[in-house]
**Q** 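Attaching a single structure in C-alpha cells format; questions to follow.
Hydrogens, waters and symmetry mates are skipped; everything else that's a heavy atom, side chains included, is used. Values in this document were obtained by computation on a predicted structure and should not be read as measured data.
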Amino acid sequence: MNTKRSKRLLPLLLIFCSLFFCMTFMACQKTEWDVYTPNGAELYGNNSITDDNIITIAELKKQYPNVFASTDQNALVDKDLKIKGRVTANDIRGNIYKQFMIQDETGAIIIAVNESGISGYLAEGQEIVVDLKGLYVGGYGKQPEVGSPYNGSSIGRMQKDVFQKHFKITSSPIAPVQPIEFNADMNADDNCGKLVKLKNVSFMDANGKNTFAPGDSSVTILGGCVNRALREYKSSKVVIRTSTYAKFAANPLPYDDVNKRPRVVNITGIATRYAKGTSDTWQILIRKESDIEIVQ
C-alpha cells in the first residue's frame, strides 16, 4: 500500500522540485541583473566617494601653478580635493589611448589610466567625481594631467585598480559637452584639453590617396602618431594628430575627387597642448569618424 502511494506521489514531487528550481534560478537572474545597472554605477568606481571638497578644474590649476606650467613635473595631491566633470573623449576609436578627458564649466584635464576599454563604462557626456587625494597631477608638455609619476618627475598613467578607488559615476543623465569654436590664439592655459570645433578647414596633404596616419615611412611618425597640417593654419602651430592604431588611421584625408581639391570640413576634437622649449603646439585629437563634417 505504501509502495503504491509512493509511486503516485513521485511525479508530483518531481514537478514540485522542477518548479522550485525554476523559481530559484529566475530569482538569481534578477539579482544579477539588478547589479548590472545601466550607468555602471554598481560595477565601476567607488560609490563611497562624497561630494564634499569639490573644486573646479580652474581652481585645481591655481593650486599647482608651477607643476602644470612645467613640461616635465608632477606633484602628489595630499589634500582632500575632488573635481567633477563630464567625459568629453575616451578610447572608443583608438586615437586616444589609455586616457580620457573631462571638462567642467572652467576648464579641462586629462585622466591617464593604464587600461584599455575605458569607453565601455565612461561614455561621452557621463559625469564623474574624481577624488584627487593620493593621486598625482602634472603638466606633460604643459598639458594638465592626473595620473602617477612616470620616468622620475614626469606624469604618466595610474594603474586601473588605483583609478577604480578614486572616481565615482554620478547619477546625472549623460549630457554631451558642446565644443567651443577653436581659435589658435585663445589662451592655452585656460583652454588646453577642451573639446573644440575647427570650422571650414582643409588638410594640406589631402590628394585622394594620403591617409590620416599610415604606419610606414611615407610620413614622419612621432610617438606612434602622425601630425597633419591644415591649410588655414600654415603660419601657426596647429596640427591634427592621429595614432597609427586609430580605427580610422587608414582612411583617406577628405578630398573632392571630382573637383580635384581638398574638401572643406569642420573638425571636432580635443585641443591638447604640447610645449617644449620655445615650441608650443595645438595638437587636435579626433575622437571618431563622425567628428569630421564635410562642408563642401
**Q** Under 4.0 Å between a Lys/Arg side-chain N and an Asp/Glu carboxylate O for Lys133 and Asp80?
**A** no
**Q** Between Arg93 (side chain) and Arg287 (backbone), is there a donor-acceptor pair under 3.5 Å?
**A** no
**Q** Could you check whether any side-chain heavy atom of Val146 comes within less than 4.5 Å of a side-chain heavy atom of Met158, counting everything from C-beta outward?
**A** yes
**Q** With the threshold set at 4.0 Å, does a side-chain nitrogen-carboxylate oxygen contact exist between Asp190 and Lys61?
**A** no
**Q** To the nearest 0.5 Å, what is the distance between NZ (Lys247) and CD (Glu289)?
**A**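 So the NZ of Lys247 and the CD of Glu289 are separated by 10.0 Å.
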**Q** How long is the gap from CD1 on Ile55 to CG on Leu81, to the nearest 0.5 Å?
**A**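 Going from CD1 on Ile55 over to CG on Leu81, the span is 4.5 Å.
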**Q** Do Gln103 and Thr88 have side-chain atoms, one donor and one acceptor, less than 3.5 Å apart?
**A**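 Checked: Gln103/Thr88 side chains show no N/O donor-acceptor pair below 3.5 Å.
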**Q** Within the structure provided, determine whether Lys82 and Asp52 are in side-chain contact (heavy-atom separation under 4.5 Å).
**A** yes
**Q** Mark yes or no for whether Thr272, through its side chain, and Gln283, through its backbone, hold a donor-acceptor pair below 3.5 Å.
**A**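 Side chain of Thr272 to backbone of Gln283: a pair is present.
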**Q** Counting N and O atoms only, with roles assigned by atom type, does the side chain of Asp104 sit under 3.5 Å from a partner on the main chain of Ile57, one being a donor and the other an acceptor?
**A**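 Judged by distance alone, yes, a pair lies under 3.5 Å.
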**Q** Going only through I, L, V, M, F, W and Y residues with side-chain contacts under 4.5 Å, is there a path from Ile169 to Ile83?
**A** yes
**Q** At their closest point, which heavy atom of Phe248 faces which heavy atom of Thr242, and how far apart are they?
**A** CE1-CG2, 3.7 Å
**Q** How long is the straight-line distance from CD1 of Ile109 back to NZ of Lys194, given to the nearest 0.5 Å?
**A**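 Here the rounded value is 13.0 Å.
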**Q** Between Leu253 and Phe212, is there a side-chain heavy-atom distance shorter than 4.5 Å?
**A**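 In contact.
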**Q** Give a yes or no on whether the backbone of Gly94 and the side-chain of Asp91 come within a donor-acceptor separation of less than 3.5 Å.
**A** no
**Q** Mark yes or no: Lys98 above the aromatic ring of Phe163, with NZ or CZ under 6.0 Å from the six-membered ring centre and no more than 45 degrees from the axis.
**A**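 Not flagged: Lys98 not positioned over aromatic ring of Phe163.
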**Q** Cluster question for you: counting only ILVMFWY and a side-chain heavy-atom cut-off of under 4.5 Å, with indirect links fine, are Val77 and Val162 together?
**A**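 Yes; Val162 is reachable from Val77 via cluster members.
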**Q** So how far is it from Leu60 CG to Phe68 CZ, rounded to the nearest 0.5 Å?
**A** 4.5 Å
**Q** Under the side chain to side chain contact (heavy atoms under 4.5 Å, CB included) test against Phe182, which residue among Leu195, Val238, Asn191 passes?
**A** Val238
**Q** So do the side chains of Ile110 and Ile270 get within less than 4.5 Å of each other, counting heavy atoms only?
**A** no
**Q** Pick one: which of Gln296, Arg261, Arg263, Glu232 meets side-chain hydrogen bond (donor to acceptor under 3.5 Å, both in side chains) with Ser202?
**A**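 Looking at Gln296, Arg261, Arg263, Glu232, the match for Ser202 under the side-chain hydrogen bond (donor to acceptor under 3.5 Å, both in side chains) is Glu232.
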**Q** Are any of the side-chain heavy atoms of Val201 and Val265 separated by less than 4.5 Å?
**A**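 Yes; the side chains approach each other to less than 4.5 Å.
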**Q** Let me see the working for Asn95 and Ser243 under side chain to side chain donor-acceptor pair (under 3.5 Å), right down to the final yes or no.
**A** CA-CA 5 Å; Asn95 197 36; Ser243 167; 4.9 Å; no
**Q** Taking the six-membered ring for Trp, are the ring centroids of Tyr233 and Trp282 within less than 6.0 Å of each other?
**A**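 Not close enough - the centres of the two rings lie 6.0 Å or further apart.
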**Q** When you measure from the side chain of Arg228 to the backbone N and O of Thr211, does any donor-acceptor pair fall under 3.5 Å?
**A** yes
**Q** Using a 3.5 Å distance criterion without hydrogens, assess whether the side chain of His166 forms a donor-acceptor pair with backbone atoms of Asp131.
**A** yes
**Q** Is there a side-chain contact between Asn90 and Glu124, using heavy atoms and a 4.5 Å cut-off?
**A**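 Yes, at least one pair of side-chain atoms sits under 4.5 Å.
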**Q** Can Ile111 be reached from Ile54 by stepping across I, L, V, M, F, W or Y side chains whose heavy atoms are under 4.5 Å apart?
**A** no
**Q** Measuring from atom CD1 of Ile267 to atom CG of Asn200, what distance do you get when rounded to the nearest 0.5 angstrom?
**A**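 Reported to 0.5 Å precision, the distance equals 10.5 Å.
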**Q** With side chains defined as the heavy atoms from C-beta onward, is the minimum distance between Tyr44 and Leu122 less than 4.5 Å?
**A**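 Contact flag for Tyr44/Leu122 side chains = no.
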**Q** If you count the non-hydrogen atoms of other residues, nucleotides and ligands that lie under 6.0 Å from OH in Tyr150, is the total more than 12?
**A** no
**Q** Please determine if Arg273 and Asp280 form a salt bridge, counting it only when a charged side-chain N lies under 4.0 Å from a carboxylate O.
**A**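 Yes, Arg273 and Asp280 are salt-bridged.
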**Q** Using only atom types and a distance under 3.5 Å, with no angle test, would you say the side chain of Lys168 pairs donor to acceptor with the backbone of Ile49?
**A** yes
**Q** Side-chain contact, heavy-atom cut-off 4.5 Å: Lys237 with Tyr274?
**A**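 Contact flag for Lys237/Tyr274 side chains = no.
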**Q** With rounding to the nearest 0.5 angstrom, report the OG1 to CD1 distance, Thr244 to Ile221.
**A** 5.5 Å
